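Below is one structure, written out as structure tokens; comments come after it.
Within every chain, numbering begins at 1; the chains are lettered A, B, ... in the order of the sequence lines, protein sequences first and strands thereafter. Just so you know, these numbers come straight off a predicted model, no measurement behind them.
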Amino acid sequence: MTAAHVGAEARAGWAMTAPALTAIGLFFALPALASLVLSFTDFDIYALANLNNLRFIGLENYERLIGNPLFWQAMGNTMWFVVFGVPLVVAASLGAALLVNARTLKWRGVWRVALFAPFVTTLVATAVVWNYLLHTRYGLINYALGGLGIAPVDWLGNPSTALPAILLFVAWKSFGYNMIIFLAALQAVSRDLEDAARVDGAGAWMRFRHVTLPAIAPTVLLVAILTVAGMFQLFAEPYVMTQGGPARSTVTVLYFMFEEGFKWWNLGSGAAVAFILFLCILAVTLVQLKVAKKVGAI
Amino acid sequence: MIRRYALTAFTALVALLVLMPLVWMVSVSFMAPGEAAAFPPPLFPSSPTLENYRTLFGSYGVGRYLLNSVIVSSLATLLALLFTVPAGYAFAKLRFSGRDAVFQALVAALVIPGQIGMLPLFLELKAMGIVNSYAGALVPWLAGIFGIFLVRQFCLSIPTELLEAARIDGATEGQILRRIVLPALKPILITLALFVFLGSWNDFMWPLIVLADQNLYTLPVALAALAREHVQDNELMMAGSVVTVLPVLLLFLVLQRHYLSGLLAGSVKG
């Protein structure tokens, strides 16, 4: 290895990473950083027309958001998705993974692909389909419930059922992704340990509780963190299915940011919303890590 | 034996339930206009027709949106590979000062959701004059940290001796990348290409923001706009959904082996 070689390698290293690093800097890092700066300005439609109208206003955007009930409603709706959606999606994907990991199941590959399929479909298109499934008068879901003797529900037209209905769609759309992650973790669980527990007379639930669950605990945490981030980033679902309604009951934080930014052109205020969103994701993730450490999952 | 069949039957039932929305979407798309607005909901078209598809492509210019989606997703895939593959290889195998620090910064940046910078990115692209263009829609896909991460993981398994031998024989770093590394990377290239293609095809929020001209709409943006105007036309909307979903679903089914293994490489090791 000569000095010329080392020099050539270092030059090639920078040459090969430079395009990607430039793109990341220009289109990811710079905008993310600029978002923080923008959130301290009153960037609006007037500043968009002429930058001389731009003023630094410190924390005023944040103060105004804190005093805005519509912002809190969006925060509340998003937290609703986090609180109810994360356990639902984690449980559904773990259940599905246990099912398609069962040794006695036939055609396992087929079922895995089938349950994963919704995840790769286009969100907007399937949201349109679910709008139809949830239709009050002739939707398949009300028809099925009718078979059980339940009266038709105006799923998306009623503030108290719109969030659960959208969550059902979100869970359907996303559980397959987590299922695959769980599946990989389950396949790494020692069969010997399970068999030993079986010989000791442990039933299915006992084996799951004392052998499988401790072994996959770090994966449960990973999936929970990914799902929290996903729930905080819901936008297309309410945009397509309910347009935030009825009575703004399905406006999420990201939807609120989109409205602030591209409907009202309050880009400064919108950037503050984006930054609050980031802090929320970060905070919840840190809490999850802390709890996981406490219970010994990692 | 009975337990085995019971388990399989139960799984089949779950799978059927999960796939039901997609099956019904296809079925309703072949119904005559108005046929699906009935109770009880019809499961199959009484006389299958292509009329909805004809209307979509004839009156609503869906062919144009389909073409836009194909162009944007193909270019996004091509450019993403061009940007991330050399970088991923360099981070894995080339020694240069600052390499590890930069890579660690990139991994840390993975926790930052892309939506944070959307408003400034819009202003930035507006200043560059590429808002409302294919270029504007493509920009986020150039900065794929996850792709770099994936390629790097895969490159770590390439034997360094092989690269050293080529260097001794006088190969330049560029030649090594083209002749030795790229052929070895083939499986991960297919995986990454599939990720980016599906991701950009299915993306909604960014194209919605950056594309104002209707002639540039990608399928999801066009479909969302159509759905707002045609809430009542279930059959038409289901056909529109089929046109939007089918290409990516088929692509996934053909290449699912790559997709699923790539997903695991990216998630569990990280």
Side-chain angles (χ1 to χ4, degrees), chain A residues 5 8-10 12-14 16-17 19-20 23-24 27-28 31-32 34-35 38 99-100 102 104-106 111 113-115 117-118 120-126 128-130 132-133 137-140 143 172 180-181 184-185 229 233 235-236 239-240 254 261-262 267 270-271 274-275 278 281, chain B residues 3-4 7-8 11 15 18-19 21 24-25 37-41 83-84 86-87 89-91 94-97 99 112-113 115-117 119-121 124 139-140 142-143 145 148 167 173 198 201-202 204-205 209 220 223-224 227 234 237-238 241 244-245 248-249 252 256 260 263-264 267-268:
Chain A
H5 273 137
E9 197 179 320
W14 280 113
M16 286 181 195
T17 49
I24 290 167
F27 303 129
F28 181 77
S35 203
L38 199 62
L99 196 60
V100 297
T104 52
L105 183 68
K106 284 161 86 84
W111 309 125
V113 171
L115 294 183
V120 293
T121 59
T122 313
L123 202 148
V124 171
T126 46
V128 168
V129 173
W130 273 76
Y132 178 42
L133 284 171
R137 274 183 295 118
Y138 41 77
L140 210 50
Y143 176 61
W172 172 82
I180 297 296
I181 298 176
Q233 290 168 48
F235 166 73
Y239 184 91
V240 175
L254 210 53
F262 298 109
L267 292 152
F275 209 73
F278 171 58
I281 297 177
Chain B
R3 277 194 60 170
R4 181 187 176 114
L7 187 71
T8 305
T11 312
V18 167
L19 293 181
W24 207 36
M25 165 186 79
F39 195 87
F83 276 68
T84 53
Y89 162 68
F91 278 123
L94 297 181
R95 282 151 296 189
F96 53 98
S97 58
R99 178 189 75 175
I112 303 172
Q115 292 98 333
I116 282 198
L119 304 176
L121 183 60
E124 186 184 331
V139 147
L142 303 179
I145 299 177
I148 296 177
R167 274 181 204 126
E173 296 298 330
L198 292 185
W201 184 281
N202 291 338
F204 176 63
M205 194 172 182
I209 289 171
L223 190 65
N234 299 306
M237 291 322 300
M238 292 307 112
S241 298
T244 309
V245 163
V248 278
L249 204 54
F252 162 71
Q256 34 119 342
L260 294 178
L263 202 61
L264 299 179
S267 60
V268 174

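Ranked by heavy-atom pairs under 4.5 Å with chain A, the first of B:T84, B:V245, B:N234, B:I145 is B:N234. Put simply, of B:V139, B:L249, B:I148, B:I112, the one with the most heavy-atom pairs under 4.5 Å next to chain A is B:V139. Contact tally against chain B (heavy-atom pairs below 4.5 Å) for A:F275, A:F278, A:Y239: the top residue is A:Y239. In terms of non-hydrogen atom pairs under 4.5 Å with chain B, the most contact-rich of A:V120, A:I281, A:T121, A:L123 is A:V120. Listed options A:W130, A:W172, A:F28 were ranked by heavy-atom pairs under 4.5 angstrom with chain B; first place goes to A:W172. Among the candidates B:S97, B:A15, B:P113, B:P86, the residue making the largest number of heavy-atom pairs closer than 4.5 Å to chain A is B:P86.
Here CE of B:M25 is found 12.0 Å from CE of B:M237. Values are rounded to the nearest 0.5 Å. In this structure, CG in A:L267 is found 5.5 Å from CG in B:L119, a value given to the nearest 0.5 Å. Between the CD atom in B:Q115 and the CE atom in B:M205 there is a gap of 6.0 Å [rounded to 0.5 Å]. Within the model, atoms CG of A:L115 and CG of B:L19 stand 7.5 Å from one another, a figure rounded to the nearest 0.5 Å.
The aromatic rings of A:Y132 and B:W24 lie parallel to each other, their planes meeting at an angle below 30°, with 60° marking the opposite boundary.
For chain B, no part of A:A229 is nearby; none of its heavy atoms comes within less than 4.5 Å. With a 4.5 angstrom heavy-atom cutoff, B:E124 touches chain A only via side-chain atoms. With a threshold of 4.5 angstrom between heavy atoms, A:V128 approaches chain B through its backbone and through its side chain. With a 4.5 Å cut-off on non-hydrogen atoms, A:Y143 touches chain B through its backbone and its side chain both. Proximity to chain B involves both the backbone and the side chain of A:L140, based on heavy atoms less than 4.5 angstrom apart. In this structure, the portions of B:L7 lying under 4.5 Å from any heavy atom of chain A include both its backbone and its side chain. Looking at B:P140, neither its backbone nor its side chain comes within 4.5 Å of chain A, counting heavy atoms on both sides. In this structure, chain A has a heavy atom under 4.5 Å from the side chain of B:M238, while its backbone stays farther away. At a 4.5 Å heavy-atom cutoff, the contact between B:A38 and chain A is made by backbone atoms alone. Looking at A:F27, the atoms closer than 4.5 Å to chain B (heavy atoms on both sides) sit in the backbone and in the side chain alike. Residue B:L121 touches chain A through both its backbone and its side chain, counting heavy-atom pairs closer than 4.5 Å.
For A:W111 (side chain) and A:K106 (main-chain N/O), a donor-acceptor pair under 3.5 Å exists by modelled atom type.
Minimum heavy-atom separation, A:L254 to A:F235: CD2-CB, 3.9 Å. Nearest heavy-atom pair across A:A34 and B:P120 is CB-CB, 3.7 Å. Residue B:F204 comes nearest to A:A236 through the heavy atom pair CD2-CB, 3.5 Å, listed as atom of the first residue, atom of the second, then distance. Between B:W201 and B:P220, the shortest heavy-atom distance links the atoms O-CG, 3.4 Å.
Atom OH of A:Y138 is surrounded by more than 12 heavy atoms from other residues, nucleotides or ligands within 6.0 Å.
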